[in-house]
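Here's the structure, in structure tokens; my notes come after.
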Amino acid sequence: MFPNVQVANDAETLNQFQRSWTPYTGKLDDNLCAKVLAQLFDKVGESILVTHSMGGSIGWRTPFHTKNVKAIVAFEPGGTPFVFPENELPEPIPTTYAPVAAQAEEVPLEKFKKLTQMPIILYYGDNIASKQTNVIGPDKWRSEMAMAQKFVEAVNKHGGKAELVHLPDISIYGNTHFLMSDLNNEEIANLMENWLKQQNLA
């Protein structure tokens, strides 16, 4: 565990954290999940989509199927492909352990442009490697965050409003991959709330 980590490490907290995992029951179908999530947005109306980790890839695809996503807040998206317009796929970002490298996938420009119709913010926590390393976790997230930055640039290139916040860059340290449930979760929630207010959405 990193020395500055913002997570309780008592036995009961770790026990409850392990109990929160969802088992894999089959292959993840991002497009199917996005279509189902879009149906929920159509049912409840205009809403803010908040995603985490692998859910980020589902989140990017959800606006392809509904007009009711008013903004996307993504906590450390990664683990499955970021989307890019056709013929604009970035070069892979290699990792020491290749299977954990960030992935990218082409989608038609018409679909991608739907991501330019809402504000998007991505938050990444601490202890992400700044250069390639043999330590798999920090190296994986170095790759993911670098691909995320390329995604943000692609959205903005096509007229969108996306940004990436690396928390140590704004003097917030020690956050894990589960930054929304770390010890400073109120500070993280306030960041999100203030951003939503800036977008006139809160």
Should [X] and [Y] be regarded as members of a common hydrophobic cluster, given that ILVMFWY residues are connected when their side-chain heavy atoms come within less than 4.5 Å of each other, either directly or indirectly?
X: L201; Y: M192; result: yes
X: L28; Y: F82; result: yes
X: L167; Y: W195; result: yes
X: M145; Y: M147; result: yes
X: I72; Y: F75; result: no

Counting heavy atoms not belonging to [X], are there more than 12 under 6.0 Å from its [atom1]?
X: E186; atom1: CD; value: no
X: E110; atom1: CD; value: no
X: N134; atom1: CG; value: no
X: E91; atom1: CD; value: no
X: F17; atom1: CZ; value: yes

Side-chain contact test, heavy atoms from C-beta onward, threshold under 4.5 Å: evaluate it for [X] versus [Y] and give yes or no.
X: I120; Y: L115; answer: yes
X: L122; Y: P77; answer: yes
X: V107; Y: W60; answer: no
X: Q132; Y: D139; answer: yes
X: S20; Y: F178; answer: no
X: M118; Y: P63; answer: yes
X: K150; Y: I93; answer: yes
X: N15; Y: R19; answer: yes

Mind listing the closest non-hydrogen atom pair of [X] and [Y] along with its distance?
X: K70; Y: K67; value: CD-O, 4.5 Å
X: N156; Y: G160; value: OD1-O, 3.2 Å
X: P85; Y: L109; value: CB-CD1, 3.8 Å
X: A102; Y: S143; value: N-OG, 2.8 Å
X: G56; Y: T51; value: CA-OG1, 3.6 Å
X: H158; Y: T116; value: O-CG2, 3.6 Å

Out of curiosity, [X] [atom1] to [Y] [atom2], how far, rounded to the nearest 0.5 Å?
X: K35; Y: R61; atom1: NZ; atom2: CZ; answer: 11.5 Å
X: T66; Y: E46; atom1: OG1; atom2: CD; answer: 9.0 Å
X: E86; Y: E88; atom1: CD; atom2: CD; answer: 10.0 Å
X: S181; Y: H52; atom1: OG; atom2: NE2; answer: 7.5 Å
X: E76; Y: I128; atom1: CD; atom2: CD1; answer: 4.5 Å
X: K111; Y: H65; atom1: NZ; atom2: NE2; answer: 5.5 Å

Main chain of [Y], side chain of [X]: is a donor-acceptor contact present, judged purely on distance under 3.5 Å?
X: S57; Y: P81; result: yes
X: H166; Y: G125; result: yes
X: T95; Y: K140; result: no
X: N194; Y: L191; result: no
X: T62; Y: A38; result: no
X: D29; Y: N31; result: yes
X: Q6; Y: Y173; result: yes

**Asked** For the residue pair Y124 and W141, does the interplanar ring angle fall in the parallel (under 30°), tilted (30 to 60°) or perpendicular (over 60°) class?
**Response** tilted
**Request:** Please work out whether the ring planes of F112 and F84 are parallel, tilted or perpendicular, with thresholds of 30° and 60°.
**Result:** parallel
**Prompt:** Do K157 and E153 meet the salt-bridge criterion of a basic N to acidic O distance under 4.0 Å?
**Reply:** no
**Request:** Walk me through it: do L37 and L49 pass the test side chain to side chain contact (heavy atoms under 4.5 Å, CB included)?
**Result:** CA-CA 10 Å; L37 185 55; L49 175 56; 3.8 Å; yes
**Prompt:** Just by distance, with hydrogens left out, do E144 and H177 show a side-chain donor and acceptor under 3.5 Å apart?
**Reply:** no
**Message:** Taking side-chain hydrogen bond (donor to acceptor under 3.5 Å, both in side chains) as the criterion, tell me which of N175, N4, T176 meets it with D126.
**Reply:** N4
